Amino acid sequence: MRQVELIADYACVTGENPLWHPMEQRLYWLDIPRGRIFRFDPATGKHQQCHEGGQVGGFTIQADRSLLLFGDRGAIRVWREGIVRTIVEEIAEERGSRFNDVIADPAGRVFCGTMATGHGHSGSLYRLDLDGKLSRILGGVGCSNGMGFTPDYEGMYHTDSKLREVRLYSYDEQTGSLTNPRRFFRLPEGSLPDGMTVDSAGFVWSAIWGGGCVIRFSPEGREVERIELPAKLCASLTFGGPNLTDLYVTCAGGDDKLANGPGAGGLYRVRGTGHQGVPEFLSRVGLARDGGADGIGRG
(Lines give C-alpha, C1' and ligand atoms only; values in the text may rest on other atoms or scores of the structure.)
Protein backbone atom coordinates (compact mmCIF):
# COMPACT_ATOMS: atom_id res chain seq x y z
CA MET A 1 0.00 0.00 0.00
CA ARG A 2 1.33 3.40 -0.97
CA GLN A 3 2.38 5.67 1.91
CA VAL A 4 3.24 9.37 1.57
CA GLU A 5 5.25 10.61 4.55
CA LEU A 6 6.63 14.05 5.43
CA ILE A 7 10.27 13.44 6.40
CA ALA A 8 11.51 16.98 7.04
CA ASP A 9 10.14 20.51 6.78
CA TYR A 10 12.75 23.25 6.62
CA ALA A 11 10.25 25.55 4.86
CA CYS A 12 12.45 25.54 1.77
CA VAL A 13 11.79 28.37 -0.65
CA THR A 14 12.98 26.11 -3.47
CA GLY A 15 13.55 22.59 -2.17
CA GLU A 16 15.47 20.82 -4.92
CA ASN A 17 17.92 18.18 -6.13
CA PRO A 18 17.25 15.18 -3.85
CA LEU A 19 20.08 12.74 -4.45
CA TRP A 20 20.87 9.43 -2.77
CA HIS A 21 24.48 9.19 -1.57
CA PRO A 22 25.34 5.49 -2.09
CA MET A 23 28.53 5.52 0.00
CA GLU A 24 26.89 7.20 2.98
CA GLN A 25 23.44 5.65 2.54
CA ARG A 26 21.91 9.09 3.10
CA LEU A 27 19.74 11.42 1.08
CA TYR A 28 20.97 14.95 0.34
CA TRP A 29 18.84 17.84 -0.91
CA LEU A 30 19.02 21.63 -0.99
CA ASP A 31 17.20 24.95 -0.78
CA ILE A 32 18.43 26.98 -3.75
CA PRO A 33 18.17 30.67 -2.70
CA ARG A 34 20.12 30.36 0.56
CA GLY A 35 22.36 27.55 -0.59
CA ARG A 36 21.21 25.37 2.30
CA ILE A 37 22.14 21.70 2.02
CA PHE A 38 20.39 19.05 4.09
CA ARG A 39 20.80 15.32 4.61
CA PHE A 40 18.62 12.53 5.92
CA ASP A 41 19.70 9.16 7.33
CA PRO A 42 16.79 6.70 6.97
CA ALA A 43 18.57 4.20 9.25
CA THR A 44 18.28 6.58 12.21
CA GLY A 45 15.44 8.81 11.04
CA LYS A 46 17.60 11.89 11.71
CA HIS A 47 18.04 14.83 9.37
CA GLN A 48 20.08 18.02 9.56
CA GLN A 49 21.21 21.11 7.71
CA CYS A 50 24.89 20.64 6.88
CA HIS A 51 25.73 23.75 4.85
CA GLU A 52 24.55 27.28 4.08
CA GLY A 53 26.25 29.64 1.65
CA GLY A 54 25.74 31.21 -1.76
CA GLN A 55 23.01 30.01 -4.09
CA VAL A 56 23.26 26.38 -5.19
CA GLY A 57 21.11 25.34 -8.12
CA GLY A 58 22.17 21.70 -8.19
CA PHE A 59 24.86 19.22 -7.25
CA THR A 60 26.28 15.82 -8.08
CA ILE A 61 28.04 13.30 -5.88
CA GLN A 62 31.68 12.80 -6.81
CA ALA A 63 33.34 9.37 -6.80
CA ASP A 64 35.48 10.55 -3.86
CA ARG A 65 32.28 11.13 -1.79
CA SER A 66 32.36 14.95 -2.01
CA LEU A 67 29.57 17.07 -3.53
CA LEU A 68 30.11 19.11 -6.69
CA LEU A 69 28.03 22.29 -6.30
CA PHE A 70 26.73 24.43 -9.18
CA GLY A 71 25.74 27.94 -8.15
CA ASP A 72 25.00 31.45 -9.35
CA ARG A 73 27.15 33.36 -11.86
CA GLY A 74 28.27 30.00 -13.22
CA ALA A 75 30.28 29.13 -10.10
CA ILE A 76 31.28 25.50 -9.54
CA ARG A 77 32.61 24.37 -6.16
CA VAL A 78 33.52 21.19 -4.31
CA TRP A 79 31.98 20.64 -0.84
CA ARG A 80 33.16 18.12 1.70
CA GLU A 81 31.86 18.30 5.27
CA GLY A 82 31.72 22.09 5.35
CA ILE A 83 34.98 22.74 3.48
CA VAL A 84 34.42 24.43 0.12
CA ARG A 85 36.90 24.78 -2.74
CA THR A 86 36.18 26.82 -5.85
CA ILE A 87 36.67 25.10 -9.21
CA VAL A 88 35.15 27.75 -11.50
CA GLU A 89 34.69 31.27 -10.11
CA GLU A 90 32.20 32.37 -12.75
CA ILE A 91 31.13 32.10 -16.37
CA ALA A 92 31.07 35.55 -17.96
CA GLU A 93 27.90 34.80 -19.92
CA GLU A 94 26.10 33.64 -16.77
CA ARG A 95 26.89 36.53 -14.40
CA GLY A 96 23.23 37.47 -14.22
CA SER A 97 21.94 33.90 -14.04
CA ARG A 98 22.57 30.67 -12.14
CA PHE A 99 22.84 26.97 -12.68
CA ASN A 100 19.68 24.97 -12.16
CA ASP A 101 19.39 21.19 -12.43
CA VAL A 102 22.49 19.05 -13.14
CA ILE A 103 23.26 15.38 -13.72
CA ALA A 104 26.35 13.18 -13.98
CA ASP A 105 26.55 10.95 -17.04
CA PRO A 106 27.85 7.35 -17.32
CA ALA A 107 31.39 8.60 -17.99
CA GLY A 108 31.41 10.93 -14.98
CA ARG A 109 30.95 14.18 -16.89
CA VAL A 110 28.27 16.61 -15.70
CA PHE A 111 25.51 18.19 -17.75
CA CYS A 112 24.60 21.48 -16.07
CA GLY A 113 21.89 23.88 -17.18
CA THR A 114 21.26 27.57 -16.58
CA MET A 115 18.17 29.77 -16.60
CA ALA A 116 17.03 32.59 -18.83
CA THR A 117 16.76 36.02 -17.21
CA GLY A 118 14.50 38.99 -17.84
CA HIS A 119 17.29 40.89 -19.56
CA GLY A 120 17.37 39.10 -22.89
CA HIS A 121 19.65 36.34 -21.65
CA SER A 122 18.58 32.83 -22.63
CA GLY A 123 19.47 29.72 -20.67
CA SER A 124 22.00 27.15 -21.79
CA LEU A 125 23.01 23.56 -21.22
CA TYR A 126 26.72 23.03 -20.56
CA ARG A 127 28.80 19.88 -20.31
CA LEU A 128 31.60 19.78 -17.73
CA ASP A 129 34.18 17.22 -18.85
CA LEU A 130 36.45 15.14 -16.62
CA ASP A 131 39.39 17.49 -17.21
CA GLY A 132 37.35 20.52 -16.15
CA LYS A 133 36.65 21.81 -19.65
CA LEU A 134 33.23 23.47 -19.84
CA SER A 135 31.39 23.41 -23.19
CA ARG A 136 28.07 25.04 -24.11
CA ILE A 137 26.13 22.40 -26.00
CA LEU A 138 22.59 23.84 -26.11
CA GLY A 139 21.47 27.45 -26.30
CA GLY A 140 18.13 29.23 -26.39
CA VAL A 141 16.88 27.34 -23.32
CA GLY A 142 14.12 28.92 -21.24
CA CYS A 143 14.71 27.14 -17.94
CA SER A 144 17.00 24.12 -18.05
CA ASN A 145 15.71 21.53 -15.61
CA GLY A 146 15.51 17.77 -14.94
CA MET A 147 17.57 15.29 -16.95
CA GLY A 148 17.88 11.53 -17.18
CA PHE A 149 19.16 8.68 -19.36
CA THR A 150 17.43 5.84 -21.16
CA PRO A 151 18.34 2.34 -19.89
CA ASP A 152 20.55 1.66 -22.92
CA TYR A 153 22.37 4.98 -22.43
CA GLU A 154 21.63 5.91 -26.03
CA GLY A 155 19.22 8.69 -25.12
CA MET A 156 19.16 11.61 -22.69
CA TYR A 157 16.08 13.47 -21.49
CA HIS A 158 16.24 17.22 -20.94
CA THR A 159 13.51 19.40 -19.44
CA ASP A 160 12.84 22.99 -20.48
CA SER A 161 10.31 24.15 -17.90
CA LYS A 162 9.54 27.40 -19.71
CA LEU A 163 8.39 25.42 -22.75
CA ARG A 164 6.54 22.96 -20.46
CA GLU A 165 8.20 20.07 -22.23
CA VAL A 166 10.77 17.32 -22.01
CA ARG A 167 12.87 16.47 -25.04
CA LEU A 168 14.71 13.26 -25.79
CA TYR A 169 18.13 13.51 -27.44
CA SER A 170 20.35 10.88 -28.97
CA TYR A 171 23.31 10.63 -26.59
CA ASP A 172 26.83 9.43 -27.35
CA GLU A 173 28.47 8.06 -24.22
CA GLN A 174 31.94 8.23 -25.77
CA THR A 175 31.84 11.92 -26.68
CA GLY A 176 29.02 13.28 -24.52
CA SER A 177 27.32 14.81 -27.56
CA LEU A 178 23.56 15.35 -27.91
CA THR A 179 21.82 15.18 -31.29
CA ASN A 180 18.41 14.55 -32.87
CA PRO A 181 16.08 16.32 -30.39
CA ARG A 182 12.42 15.25 -30.35
CA ARG A 183 9.56 15.99 -27.99
CA PHE A 184 8.96 13.35 -25.32
CA PHE A 185 5.99 15.03 -23.64
CA ARG A 186 4.51 18.49 -23.15
CA LEU A 187 2.23 19.63 -20.33
CA PRO A 188 -0.80 21.90 -20.71
CA GLU A 189 -0.88 25.49 -19.44
CA GLY A 190 -0.79 25.87 -15.67
CA SER A 191 1.85 23.33 -14.71
CA LEU A 192 5.50 22.81 -15.54
CA PRO A 193 7.77 19.76 -15.63
CA ASP A 194 10.62 20.27 -13.16
CA GLY A 195 13.09 17.68 -11.83
CA MET A 196 13.04 14.09 -13.07
CA THR A 197 14.37 10.60 -12.57
CA VAL A 198 14.21 7.35 -14.56
CA ASP A 199 13.27 4.06 -12.89
CA SER A 200 14.59 0.54 -13.47
CA ALA A 201 11.87 -0.15 -16.06
CA GLY A 202 12.88 2.90 -18.10
CA PHE A 203 9.82 4.93 -17.12
CA VAL A 204 10.30 8.66 -16.54
CA TRP A 205 9.16 10.37 -13.34
CA SER A 206 8.63 14.12 -13.47
CA ALA A 207 7.91 16.50 -10.58
CA ILE A 208 5.12 18.86 -11.63
CA TRP A 209 5.61 22.47 -10.55
CA GLY A 210 2.15 23.98 -10.07
CA GLY A 211 0.46 20.60 -10.29
CA GLY A 212 0.90 19.29 -6.74
CA CYS A 213 1.99 15.89 -7.99
CA VAL A 214 4.61 13.70 -9.61
CA ILE A 215 3.82 11.82 -12.82
CA ARG A 216 5.25 8.58 -14.20
CA PHE A 217 5.50 8.45 -17.99
CA SER A 218 5.97 5.38 -20.17
CA PRO A 219 9.00 5.23 -22.52
CA GLU A 220 6.58 6.42 -25.22
CA GLY A 221 5.77 9.60 -23.25
CA ARG A 222 2.32 8.55 -22.04
CA GLU A 223 1.17 9.30 -18.47
CA VAL A 224 0.61 6.04 -16.61
CA GLU A 225 0.58 7.05 -12.94
CA ARG A 226 0.16 10.13 -10.77
CA ILE A 227 0.95 10.66 -7.09
CA GLU A 228 -0.48 13.75 -5.42
CA LEU A 229 1.21 15.62 -2.55
CA PRO A 230 0.01 18.41 -0.23
CA ALA A 231 2.28 20.92 -1.93
CA LYS A 232 1.52 22.80 -5.12
CA LEU A 233 5.14 23.25 -6.18
CA CYS A 234 6.70 19.79 -6.52
CA ALA A 235 10.25 20.49 -7.61
CA SER A 236 12.26 17.27 -7.92
CA LEU A 237 12.41 13.59 -7.05
CA THR A 238 14.72 10.59 -6.83
CA PHE A 239 14.73 7.00 -5.63
CA GLY A 240 16.69 6.16 -2.49
CA GLY A 241 17.01 3.71 0.35
CA PRO A 242 19.09 0.49 0.45
CA ASN A 243 17.14 -1.04 -2.45
CA LEU A 244 16.23 2.24 -4.19
CA THR A 245 12.53 1.55 -3.67
CA ASP A 246 11.67 4.72 -1.71
CA LEU A 247 10.68 7.73 -3.79
CA TYR A 248 11.83 11.06 -2.32
CA VAL A 249 10.19 14.31 -3.45
CA THR A 250 11.30 17.86 -2.66
CA CYS A 251 8.81 20.73 -2.68
CA ALA A 252 9.13 24.51 -2.94
CA GLY A 253 7.05 27.43 -1.69
CA GLY A 254 7.78 27.05 2.03
CA ASP A 255 7.83 30.82 2.42
CA ASP A 256 4.08 30.92 1.68
CA LYS A 257 2.34 27.75 2.80
CA LEU A 258 -1.06 29.43 2.64
CA ALA A 259 -0.74 29.80 -1.12
CA ASN A 260 1.36 26.71 -1.84
CA GLY A 261 -0.13 24.08 0.47
CA PRO A 262 0.66 22.78 3.96
CA GLY A 263 3.46 20.58 2.64
CA ALA A 264 5.20 23.39 0.75
CA GLY A 265 8.94 23.43 1.30
CA GLY A 266 9.07 19.88 2.68
CA LEU A 267 10.81 16.62 1.84
CA TYR A 268 8.49 13.67 1.28
CA ARG A 269 9.11 9.94 1.11
CA VAL A 270 6.71 7.76 -0.86
CA ARG A 271 6.78 4.06 -0.05
CA GLY A 272 4.91 1.24 -1.72
CA THR A 273 5.03 2.56 -5.27
CA GLY A 274 5.90 -0.89 -6.56
CA HIS A 275 8.77 0.60 -8.54
CA GLN A 276 12.54 0.74 -8.13
CA GLY A 277 15.10 3.31 -9.14
CA VAL A 278 18.56 2.84 -10.58
CA PRO A 279 21.77 4.25 -9.07
CA GLU A 280 22.53 7.77 -10.25
CA PHE A 281 25.92 8.16 -11.87
CA LEU A 282 28.80 9.60 -9.87
CA SER A 283 30.65 12.59 -11.28
CA ARG A 284 34.41 12.23 -11.73
CA VAL A 285 35.41 15.76 -12.63
CA GLY A 286 39.10 16.17 -11.85
CA LEU A 287 39.37 12.71 -10.31
CA ALA A 288 41.64 9.83 -11.19
CA ARG A 289 40.03 6.47 -11.96
CA ASP A 290 40.52 5.35 -8.37
CA GLY A 291 38.60 8.38 -7.12
CA GLY A 292 41.69 10.29 -5.98
CA ALA A 293 42.39 13.90 -6.85
CA ASP A 294 43.93 14.61 -10.23
CA GLY A 295 44.05 17.96 -12.00
CA ILE A 296 41.13 20.27 -11.37
CA GLY A 297 40.00 18.42 -8.26
CA ARG A 298 43.41 18.45 -6.58
CA GLY A 299 43.28 19.83 -3.05
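Treat the numbers as computed from the prediction; the structure is a model and nothing was measured.
Within the model, atoms CD of Glu165 and CG of Leu192 stand 12.0 Å from one another, a figure rounded to the nearest 0.5 Å. Interatomic distance, CG of Leu168 versus CZ of Arg183, reported as 13.5 Å (0.5 Å rounding). Taking CG from Leu237 and CG from Leu267, the interatomic distance works out to 11.5 Å, rounded to the nearest 0.5 Å.
Within the structure, salt bridge (charged side-chain N to carboxylate O under 4.0 Å, His left out) pairs that include any residue of residues 115-124 do not occur (at least two apart or interchain). Within the structure, the ring-ring contact (aromatic ring centres under 6.0 Å, His included) test picks out the following pairs touching residues 178-200 (sequence neighbours left out): Tyr157-Phe184, Phe185-Phe217. Screening residues 232-260 for ring-ring contact (aromatic ring centres under 6.0 Å, His included) gives Trp205-Phe239 as the qualifying pairs, with residues at least two apart or on separate chains. Within the structure, the salt bridge (charged side-chain N to carboxylate O under 4.0 Å, His left out) test picks out the following pairs touching residues 201-219 (sequence neighbours left out): Asp199-Arg216. Sorted pairs that involve residues 231-244 and meet salt bridge (charged side-chain N to carboxylate O under 4.0 Å, His left out), not counting sequence neighbours, are lacking altogether. For residues 259-274, the pairs satisfying salt bridge (charged side-chain N to carboxylate O under 4.0 Å, His left out) are Glu5-Arg269, Asp246-Arg271, with sequence neighbours left out.
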- Query: How far apart are the C-alpha atoms of Glu93 and His121, what are their side-chain angles, what is the distance that settles it, and do they pass the side-chain hydrogen bond (donor to acceptor under 3.5 Å, both in side chains) test?
  - Reply: CA-CA 9 Å; Glu93 296 81 4; His121 170 79; over 6 Å; no
- Using the side chain to side chain contact (heavy atoms under 4.5 Å, CB included) rule, take Ile208 and Cys234 through it: C-alpha gap first, then chi angles, then the decisive distance, then the call. CA-CA 5 Å; Ile208 309 303; Cys234 294; 5.5 Å; no
- Task: Just do the side chain to side chain contact (heavy atoms under 4.5 Å, CB included) check on Asp194 and Ser206 with the steps written out, would you?
- Result: CA-CA 6 Å; Asp194 203 314; Ser206 179; 6.0 Å; no
- Before giving the answer on side chain to side chain contact (heavy atoms under 4.5 Å, CB included), spell out for Lys133 and Arg127 the whole-Å C-alpha distance, their side-chain angles and the decisive distance to 0.1 Å. CA-CA 8 Å; Lys133 180 183 177 183; Arg127 187 187 66 237; over 6 Å; no
- Message: Would Arg164 and Glu189 count as a salt bridge (Lys or Arg N to Asp or Glu O under 4.0 Å) here? Give the steps.
- Response: CA-CA 8 Å; Arg164 309 193 312 278; Glu189 292 276 1; 3.5 Å; yes
- Can you check side chain to side chain contact (heavy atoms under 4.5 Å, CB included) on Phe99 and Ile91, steps first, answer last? CA-CA 10 Å; Phe99 281 114; Ile91 301 172; 3.8 Å; yes
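Listed here is the closest heavy atom pair of Thr117 and Gly96: CG2-O, 3.2 Å. Gly15 approaches Thr250 most closely through the heavy-atom pair O-OG1, 3.2 Å. For the pair Ser200 and Gly277, the tightest heavy-atom approach, listed with the atom from each and the gap, is CB-O, 4.0 Å. The two residues Thr273 and Val270 come nearest to each other via the heavy atoms CG2-CG1, 3.7 Å. Here the closest heavy-atom approach between residue Gly263 and residue Cys251 is recorded as O-CB, 4.0 Å. Between Thr114 and Ser97 the shortest heavy-atom distance is CB-OG, 4.1 Å.
Scanning for salt bridge (Lys or Arg N to Asp or Glu O under 4.0 Å) contacts around Glu81 gives Arg39, with sequence neighbours left out. Taking the salt bridge (Lys or Arg N to Asp or Glu O under 4.0 Å) definition, one finds that Glu228 meets it with nothing, sequence neighbours left out. For Lys257, the side chain to side chain donor-acceptor pair (under 3.5 Å) test picks out Asp9, with sequence neighbours left out. Applying the side chain to side chain donor-acceptor pair (under 3.5 Å) test to Thr150 and every residue at least two apart in sequence or in another chain returns Asp152.
Side-chain contact between Ile37 and Gln49 is absent, with no heavy atoms from C-beta onward closer than 4.5 Å. Residues Val13 and Pro33 are in side-chain contact: their nearest non-hydrogen atoms beyond the backbone lie under 4.5 Å apart. Residues Val110 and Val285 meet the side-chain proximity criterion, which asks for heavy atoms closer than 4.5 Å. For the pair Val204/Met196, a side-chain contact is recorded, criterion being any heavy-atom separation below 4.5 Å from C-beta on. For the pair Arg98/Ile32, a side-chain contact is recorded, criterion being any heavy-atom separation below 4.5 Å from C-beta on. Counting heavy atoms from C-beta outward, Tyr126 and Ser135 have side chains that stay 4.5 Å or more apart. At least one side-chain heavy atom of Cys50 sits less than 4.5 Å from a side-chain heavy atom of Tyr28. With contacts defined as side-chain heavy-atom distances shorter than 4.5 Å, the pair Arg77/Glu89 qualifies.
A donor-acceptor pair is defined here as one N or O able to donate and one able to accept, closer than 3.5 Å; no such pair exists between the side chain of Glu24 and the backbone of His21. Side chain of Gln276 to main chain of Asn243: a donor-acceptor pair is present (N/O by atom type, distance under 3.5 Å, no hydrogens or angles). At least one donor-acceptor pair under 3.5 Å links the side chain of Asp105 to the backbone N or O of Arg109. Between the side chain of Ser161 and the backbone N or O of Pro193 there is at least one donor-acceptor pair closer than 3.5 Å. A donor-acceptor pair is defined here as one N or O able to donate and one able to accept, closer than 3.5 Å; no such pair exists between the side chain of Asp41 and the backbone of Arg26. Of the possible polar contacts, none joining the Arg65 side chain to the Ala63 backbone as a donor-acceptor pair under 3.5 Å is found. The closest donor-acceptor contact from the side chain of Thr159 to the backbone of Asn145 lies at 3.5 Å or more, if one exists at all. Of the possible polar contacts, one joining the Asp31 side chain to the Thr14 backbone as a donor-acceptor pair under 3.5 Å is found. Side chain of Thr86 to main chain of Val88: no donor-acceptor pair is present (N/O by atom type, distance under 3.5 Å, no hydrogens or angles).
In terms of hydrophobic clustering, with Ile, Leu, Val, Met, Phe, Trp and Tyr side chains grouped at heavy-atom distances under 4.5 Å, Leu187 and Phe203 are assigned to different clusters. Residues Val166 and Ile215 are members of one and the same hydrophobic cluster, defined by side-chain heavy-atom contacts under 4.5 angstrom among Ile, Leu, Val, Met, Phe, Trp and Tyr. Under a hydrophobic-cluster definition in which Ile, Leu, Val, Met, Phe, Trp and Tyr are linked whenever side-chain heavy atoms come within less than 4.5 Å, directly or via other members, Trp29 and Met23 are assigned to different clusters.
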In residues 66-76, what donor-acceptor pairs under 3.5 Å come from side-chain atoms, sequence neighbours left out?
from  : atom 1 : to    : atom 2 : distance (Å)
Ser66 : OG     : Asp64 : OD1    : 2.7
Arg73 : NE     : Glu90 : OE1    : 3.4
Arg73 : NH2    : Glu90 : OE1    : 2.5

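Defined by atom type and a distance below 3.5 Å, a donor-acceptor pair is missing between the side-chain atoms of Asn100 and Ser144. Residues His275 and Glu225 have side chains that bring a donor and an acceptor to within less than 3.5 angstrom of each other. Side chain to side chain, Gln62 and Ser283 meet the donor-acceptor criterion of an N or O pair below 3.5 Å.
Relative orientation of the Phe38 and Tyr10 rings is parallel, given thresholds of 30° and 60° on the angle between their planes.
Members clustered with Met147: Ile103, Phe111, Leu125, Ile137, Leu138, Val141, Phe149, Tyr153, Met156, Tyr169, Tyr171, Leu178, Phe281, by chain and number, using a 4.5 Å side-chain heavy-atom cutoff among hydrophobic residues.
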